[in-house]
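Working notes, structure below.
Values reported hereafter were calculated over all heavy atoms of this structure, with side chains retained and with hydrogens, waters and symmetry mates removed. Just so we're clear, the structure is a prediction, and the values are computed from it rather than from any experiment. Naming: A, B, ... by sequence-line order, numbering from 1 per chain.
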Protein chains: 2
Amino acid sequence: MDSSNTISNCKTCIYKSWAFKNLSEEELKLINCKKTEKFYRKGDIICSEGDEIKSFMYLQNGLVKLFKTEISKREHIISIAKPKDFIGLLSIFSNTNHVYSISAIEDSVVCFVDLKIIKNLIKSNGIFALDFFERISSVSDSVIKTRIDINTRQLRGRIAYILLLFSKHIYDSEKFNLPISRKEIAELIDMSTENVIRVLSEFRKDKLIQIEGKSIEIIDIKRLEKVYDLG
Amino acid sequence: MDSSNTISNCKTCIYKSWAFKNLSEEELKLINCKKTEKFYRKGDIICSEGDEIKSFMYLQNGLVKLFKTEISKREHIISIAKPKDFIGLLSIFSNTNHVYSISAIEDSVVCFVDLKIIKNLIKSNGIFALDFFERISSVSDSVIKTRIDINTRQLRGRIAYILLLFSKHIYDSEKFNLPISRKEIAELIDMSTENVIRVLSEFRKDKLIQIEGKSIEIIDIKRLEKVYDLG
DNA sequence: TATCATTTATGATATATATCATAATATATA
DNA sequence: TATATATTATGATATATATCATAAATGATA
């Protein structure tokens with residue numbers, strides 16, 4: 001946790017979610033006054049299981065993971081949030097404390113808006129309420145969909161899934177640097193670290209991808225998609 | 001799909017969710033005019049994947065399952081909804097069509113409220129918007145929590161989980177009739193039907209439960225909870 | 001730079017789980 | 001009621017996956 005200063009203006013913020021599109025200038029000003037932007041270095045903890053929920057958190061830049069620490073000390077990653085995603089699921093409406101922890105997997109900027117203000121806006125601006133829930137619902141639904149996609153597949157299908165996720169939904173490129181370790185991939189898709197490494201090697205030998213450390217290039221996306229489809 | 005008639009009044013409805021507590025008499029009347037109650041027999045389909053989303057669905061009575069049919073024709077159960085639950089996840093705010101199918105696993109009464117009315121109420125009544133999202137968020141969060149609970153456990157832990165779920169959260173009794181077949185349990189907790197049967201037999205031999213067809217009695221809940229905890 | 005810890009890598013083995021086979025019940029249907 | 005069909009049940013076997021062992025490569029730290 002490094003700096004902590006208000007650098008941008010909500011009204012003109014280029015990272016602004018379309019969920020805020022129907023807010024008036026005054027309403028945006030209200031958010032702007034009470035928001036905090038924080039920069040986190042890769043690895044920094046943003047919030048921990050059990051912490052009181054005070055803010056609505058919005059990822060401006062970077063990449064963060066939502067995770068839970070099991071009794072066995074093993075971590076389990078629930079989801080990865082990308083820029084413009086709300087982070088922390090819907091718990092903010094049904095819980096007083098965080099159920100999961102959040103940390104940065106890349107240098108990130110998180111925007112914290114006092115939860116009371118968001119709740120007041122929901123009360124006073126019905127159009128915003130709908131826009132906001134449309135957006136937050138789709139994030140939550142996609143977490144559920146992802147969990148099912150992963151559980152109903154076996155190892156090769158899961159690795160294909162995660163590679164396609166990074167390529168299509170996060171980096172929008174067939175060449176990218178894996179932001180997480182093989183161990184974290186394992187924690188995200190419920191398999192052992194060794195098998196993550198093994199399957200990645202298989203994909204390399206099968207000429208589906210090229211690997212060099214964290215650098216991945218998908219060289220046969222059609223076949224990789226087939227691996228994903230077949231499970 | 002059998003009868004379809006308006007039998008109760010929202011204002012006095014004993015099945016009313018507390019999410020509706022802050023609605024005025026007029027608002028409840030509005031819902032009452034536009035709602036439909038439908039009775040479904042065990043096994044009946046309530047809605048199918050791909051159907052247009054027109055209503056907000058609320059389970060008055062009975063038990064329903066939310067499921068997806070895989071390409072392999074195998075079904076995968078996402079969640080089971082109990083009375084007073086909203087059914088259909090949050091998709092209603094972020095999708096135009098149902099992503100999953102819903103069917104009755106016990107004789108059920110579902111209350112359909114025109115989605116436009118709910119959306120209008122969210123726009124016009126901020127207190128309702130918050131109550132409503134608080135409730136719907138907790139349903140959605142618990143689906144995510146359940147999926148994680150299941151995936152991070154192995155077979156015995158999963159069966160323990162499902163038995164405790166029925167006992168504690170659905171029937172509130174240590175003796176109950178399983179509303180679903182062993183095959184459906186398998187589809188709910190991602191394991192093979194044979195192994196569901198096998199583990200249930202093991203639990204019987206280990207004197208954790210008594211089984212007679214669909215009738216289950218938990219006779220050593222402490223040890224069953226331990227099996228769940230150990231995964 | 002040297003030392004230590006972590007990550008990546010691969011093979012061998014153990015374990016968990018699915019699949020196949022078969023049979024007894026139970027349930028639905030003509 | 002008789003017949004077909006689905007469900008429950010168990011054992012044997014195959015398969016997927018985790019675990020263990022070891023080593024090289026990489027990164028962190030004193």
Which of these nucleotides, [options], is closest to any side-chain atom of [X]?
X: A:Gln154; options: C:dA18, C:dT8, D:dA16; value: D:dA16
X: B:Glu194; options: C:dA21, C:dA9, C:dT7; value: C:dA21
X: A:Leu155; options: D:dA18, D:dT8, C:dT10; value: D:dA18
X: B:Ser192; options: D:dA18, C:dT19, D:dA9; value: C:dT19

Whole-Å distance separating the [atom1] atom of [X] from the [atom2] atom of [N]:
X: B:Met191; N: C:dA16; atom1: CE; atom2: C1'; answer: 11 Å
X: B:Asp190; N: C:dA16; atom1: CG; atom2: C1'; answer: 15 Å
X: A:Phe203; N: C:dT10; atom1: CZ; atom2: P; answer: 14 Å
X: A:Glu202; N: D:dA16; atom1: CD; atom2: P; answer: 11 Å
X: B:Leu178; N: D:dA9; atom1: CG; atom2: P; answer: 10 Å
X: B:Ile197; N: C:dT19; atom1: CD1; atom2: P; answer: 14 Å
X: A:Asn151; N: C:dA18; atom1: CG; atom2: P; answer: 12 Å
X: B:Ile209; N: D:dT8; atom1: CD1; atom2: P; answer: 13 Å

- salt bridge (Lys or Arg N to Asp or Glu O under 4.0 Å) evaluation trace for A:Glu187 with A:Lys183: CA-CA 6 Å; A:Glu187 290 165 354; A:Lys183 180 160 166 280; 3.5 Å; yes

- Query: Is it true that the NZ or CZ of A:Lys84 lies under 6.0 Å from the centre of A:Tyr58's six-membered ring and within 45 degrees of the ring axis?
  - Reply: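 Ring-cation test returns no.
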
- Query: Within 45° of the axis and under 6.0 Å from the centre of the six-membered ring of A:Tyr161, does NZ or CZ of A:Arg153 qualify?
  - Reply: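 No, A:Arg153 does not lie over the aromatic ring of A:Tyr161.
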
- Message: Once hydrogens and angles are ignored, does a donor-acceptor distance under 3.5 Å link the base of C:dT19 to the side chain of B:Arg198?
- Response: yes

- Query: B:Lys205 or A:Asn195: which one's nearest nucleotide on DNA chain D is closer to the 5' end?
  - Reply: B:Lys205

- Task: Taking the six-membered ring for Trp and the full ring for Phe, Tyr or His, determine whether the centres of A:Phe133 and A:Phe93 are under 6.0 Å apart.
- Result: yes

Does [N] have OP1 or OP2 sitting under 4.0 Å from an N or O in the side chain of [X]?
X: A:Lys214; N: D:dT26; result: no
X: B:Ser201; N: D:dT10; result: yes
X: A:Arg182; N: C:dT10; result: no

- Are the charged groups of B:Arg182 and B:Glu184 less than 4.0 angstrom apart, N to O? no

- Query: Between the main-chain N or O of A:Ile189 and the side-chain N or O of A:Arg158, is there a donor-acceptor pair closer than 3.5 Å?
  - Reply: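 Yes: the side chain of A:Arg158 pairs with the backbone of A:Ile189.
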
- Message: Would the distance check show the side chain of B:Ser201 and the main-chain N or O of B:Ile197 forming a donor-acceptor pair, the cut-off being under 3.5 Å?
- Response: yes

- Query: Is the shortest heavy-atom distance from the side chain of B:Phe112 to the side chain of B:Ile46 under 4.5 Å?
  - Reply: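 Of all side-chain heavy-atom pairs linking B:Ile46 with B:Phe112, at least one is under 4.5 Å.
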
- Which is true for B:Arg204 with a 4.0 Å heavy-atom rule: it touches a base, it touches only sugar-phosphate, or it touches nothing? sugar-phosphate

- Message: Please report the end-to-end axis angle for the helix from C:dT1-D:dA30 to C:dA30-D:dT1, five pairs per end, rounded to 10 degrees.
- Response: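 Answer for the end axes of this duplex: 50°.
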
